[in-house]
2 protein chains.
Amino acid sequence: MTGVTTAAADPVEPEKPRRARGEQTRQLILETALRLFRERGYTETTMRAIAKEAGVAVGNAYYYFDSKEHLIQGFYDRNQAAHRVAAEQVLADEKELAPRLRGVLHAGIDVNAPYHSFAATFFKSAAEPSSPLSPFSRESSPAREAAIAIFREVVDGSTAKLDPELRKELPELLWLGWMGVILFWVYDKSPGQRRTRRLIDGAVPLIDRLVSLSRLRVLRPALRQVLALIESVRRDD
Amino acid sequence: MTGVTTAAADPVEPEKPRRARGEQTRQLILETALRLFRERGYTETTMRAIAKEAGVAVGNAYYYFDSKEHLIQGFYDRNQAAHRVAAEQVLADEKELAPRLRGVLHAGIDVNAPYHSFAATFFKSAAEPSSPLSPFSRESSPAREAAIAIFREVVDGSTAKLDPELRKELPELLWLGWMGVILFWVYDKSPGQRRTRRLIDGAVPLIDRLVSLSRLRVLRPALRQVLALIESVRRDD
DNA sequence: CCCGGTACTTGAACATGTTCAAGTGATGTG
DNA sequence: CACATCACTTGAACATGTTCAAGTACCGGG
């Protein structure tokens with residue numbers, strides 16, 4: 001955890017001041033862009049088309065968004081929020097770990113399902129490590145933390161008893177698994193992405209069992225080994 | 001396994017005829033492109049620069065390569081071959097599963113290491129599901145099979161005794177793991193990509209142990225469950 | 001009310017991946 | 001050897017993401 005007191009400059013940009021009219025224009029451009037993305041797909045939607053449809057000059061879009069890819073961030077934020085809402089619904093009802101996890105994962109797929117066809121198109125933007133859209137990027141940090149928080153709630157709100165060390169790591173591990181599911185989903189061409197659903201239904205019981213077993217004394221050394229691996233890989237040197 | 005007798009048309013293109021001069025030009029363009037990619041990076045290398053440097057018209061490059069991205073395929077093939085050679089060196093010396101796997105993975109990183117800085121840049125091309133560069137694409141099928149073959153040799157040539165069902169699946173699973181390592185490596189910004197090395201060194205013993213345990217009678221149901229999951233997810237309906 | 005600054009807006013210009021109609025030259029055939 | 005065919009080559013033209021110098025609108029202070 002890097003403290004607030006570190007000498008390095010705070011990497012968060014100071015959020016340019018904006019007047020009411022500006023915010024309105026910004027919203028208009030974003031709404032128009034997302035609508036056109038949905039209607040025609042990402043690649044087929046040109047910046048000129050967005051500008052024309054929104055009734056502004058093309059340069060204006062670039063005043064509010066650094067690039068075409070940056071428009072996608074709005075999509076992300078929206079779906080993230082929707083996932084959170086859907087997840088809370090599930091978490092209020094279920095108390096055991098397995099159904100909680102299963103419900104949250106399915107909810108995530110539900111939320112994204114309408115966008116599967118063109119999610120793949122701009123998925124590549126997210127894949128580039130240097131892209132602000134990467135789930136590991138600094139810009140995505142708030143969204144990432146919010147997502148991990150959901151999985152923390154999955155764990156902490158459950159009746160499952162588990163090793164305290166593991167409990168600390170599990171939310172982030174589950175989030176990583178969720179990223180894997182998303183990756184699978186993006187590549188999943190089966191009708192309605194059934195294979196992804198099957199993956200979730202099959203993997204959750206396995207994870208649940210593994211987590212329960214983590215409390216067994218016999219498996220303590222193995223668990224330690226796994227946790228040590230995570231720690232050593234996370235170390236950034 | 002789809003048989004050779006399926007009614008669907010063979011999706012492999014008929015390989016356009018090519019004369020000696022054509023092949024020469026093709027090679028020239030590819031060599032020039034890869035050199036410039038190495039020297040300046042992928043994005044910074046324009047098609048015009050490649051053409052100029054190779055002494056041909058820009059349209060000529062498009063006669064041999066469908067797009068700029070397709071030039072990367074040449075890079076892939078080359079590194080794939082280099083990995084195979086390096087892996088065989090290891091496999092000739094080591095007989096136990098763990099060192100064989102460890103050696104092959106490190107060899108793979110060794111081969112790719114010189115290109116880490118710009119591998120990330122065009123990694124995004126590979127990430128797009130519809131791209132021919134995707135490791136799961138039809139066009140990549142030969143390269144993918146070759147890669148899986150390396151891992152089959154890792155398993156089959158080892159002294160490890162393991163469940164026959166698992167033995168059948170393991171090479172593809174290890175390849176999948178290798179893709180995961182590559183994914184990690186692409187994102188790994190630590191000096192010399194040390195973290196990726198640590199990931200390999202830490203994960204291999206775990207995999208080795210897990211594989212050995214697969215023969216235990218007690219774990220048979222769990223193994224069945226895992227294999228069933230794989231089967232159900234692989235099913236393409 | 002005027003003025004200076006700053007948020008906002010514009011559209012032409014630019015860079016670069018890609019296409020294509022038109023040419024050039026080698027090769028095999030009668 | 002003449003000719004037809006087809007591989008090969010060309011470079012201008014096009015499409016689209018991005019930049020930028022210039023202009024406009026609004027706000028706050030004197």
Side-chain angles (χ1 to χ4, degrees), chain A residues 13-30 32-34 36-37 39-74 118 121-122 124-126 128 130-133, chain B residues 13-30 32-34 36-37 39-74 118 121-122 124-126 128 130-133:
Chain A
E13 277 116 80
E15 183 81 35
K16 205 181 278 189
R18 183 154 291 143
R19 308 220 254 246
R21 178 168 61 113
E23 188 52 40
Q24 200 173 332
T25 308
R26 195 195 128 93
Q27 289 297 331
L28 173 65
I29 292 169
L30 181 59
T32 308
L34 293 185
L36 292 185
F37 289 166
E39 287 174 12
R40 321 178 180 173
Y42 179 72
T43 324
E44 289 68 29
T45 304
T46 71
M47 291 301 280
R48 284 170 182 76
I50 295 170
K52 189 168 193 176
E53 193 79 4
V56 300
V58 62
N60 207 353
Y62 282 93
Y63 180 77
Y64 292 102
F65 300 92
D66 288 345
S67 73
K68 187 182 178 189
E69 289 189 358
H70 276 76
L71 284 164
I72 303 175
Q73 192 76 53
F118 77 108
T121 311
F122 62 63
K124 62 184 244 188
S125 304
E128 193 174 20
S130 62
S131 164
L133 288 171
Chain B
E13 277 115 79
E15 183 82 35
K16 205 181 278 187
R18 182 154 292 144
R19 309 222 252 247
R21 178 167 61 113
E23 188 51 40
Q24 200 173 330
T25 307
R26 196 194 127 93
Q27 287 298 332
L28 172 65
I29 291 169
L30 181 59
T32 307
L34 293 185
L36 292 185
F37 288 168
E39 287 175 9
R40 321 178 181 176
Y42 179 72
T43 323
E44 288 69 29
T45 303
T46 70
M47 291 301 279
R48 285 169 182 77
I50 295 170
K52 190 170 193 176
E53 192 79 3
V56 300
V58 63
N60 207 352
Y62 282 92
Y63 179 77
Y64 292 103
F65 300 92
D66 288 345
S67 74
K68 188 182 176 188
E69 289 188 359
H70 276 76
L71 284 164
I72 303 176
Q73 192 76 53
F118 77 108
T121 311
F122 61 64
K124 64 185 239 187
S125 305
E128 193 173 19
S130 62
S131 165
L133 288 171

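Chain letters run A, B, ... following the sequence lines, proteins first and then strands; every chain starts at 1. Quick caveat: nothing in here was measured; it's all calculated off a predicted structure.
Between the C1' atom of C:dT16 and the CG atom of B:L36 lies a distance of 15 Å, rounded to the nearest Å. Between A:N60 atom CG and C:dC8 atom C1' the separation is 7 Å, expressed in whole Å. Summarising the geometry, the separation between CD on A:Q24 and C1' on C:dT9 is reported as 15 Å, rounded to the nearest angstrom. Atom-to-atom, CD of A:E44 to P of D:dT16 comes out at 10 Å; the value is rounded to the nearest Å. In this structure, the OH atom of B:Y63 is 22 Å from the P atom of C:dG17, given to the nearest Å. Nucleotide C:dT9 holds its P atom 19 Å from the CZ atom of A:R48, rounded to whole Å. Put simply, NZ on A:K52 is 12 Å from P on C:dG11, counting in whole angstrom units. Computed from coordinates, the A:E23 CD to D:dC26 C1' distance equals 17 Å when rounded to whole Å.
With C:dG11, D:dC6, D:dA25 as the choices, the nucleotide that has an atom nearest any side-chain atom of A:V58 turns out to be C:dG11. Of the candidate nucleotides C:dT10, C:dT18, C:dG25, C:dT18 has the atom nearest to the side chain of B:K68. You'll find that the side chain of A:S67 is closest to D:dT18, out of D:dT10, C:dT27, D:dT18.
Note that the CG atom of A:L36 and the OH atom of A:Y42 stand 13.0 Å from one another [nearest 0.5 Å]. In this structure, CD on B:E39 lies 10.0 Å from OG1 on B:T32, to the nearest 0.5 angstrom.
Between A:Y62 and D:dT18, a side-chain N or O to OP1/OP2 separation shorter than 4.0 Å is present. Listed pair B:T25 / D:dC8 fails the phosphate criterion, with no side-chain N or O lying under 4.0 Å from OP1 or OP2. Between A:R21 and the phosphate of C:dT9, there is a side-chain N or O to OP1/OP2 separation shorter than 4.0 Å.
Sparse packing is recorded around CD of B:Q24, with 12 or fewer heavy atoms of other residues, nucleotides or ligands lying under 6.0 Å away.
With contacts defined as side-chain heavy-atom distances shorter than 4.5 Å, the pair A:L30/A:Y64 does not qualify.
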Step-by-step side-chain contact (heavy atoms from CB on, under 4.5 Å) determination, A:L71 to A:L34: CA-CA 8 Å; A:L71 284 164; A:L34 293 185; 5.7 Å; no
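Residue contacts shown for B:F65 are absent, as no nucleic acid heavy atom lies under 4.0 Å away. Across all strands shown, A:G59 has heavy atoms under 4.0 Å from base atoms, whether or not it also approaches the sugar-phosphate.
Toward the 5' end of DNA chain D, the nearer of the two residues B:R26 and A:M47, judged by each one's closest nucleotide, is B:R26.
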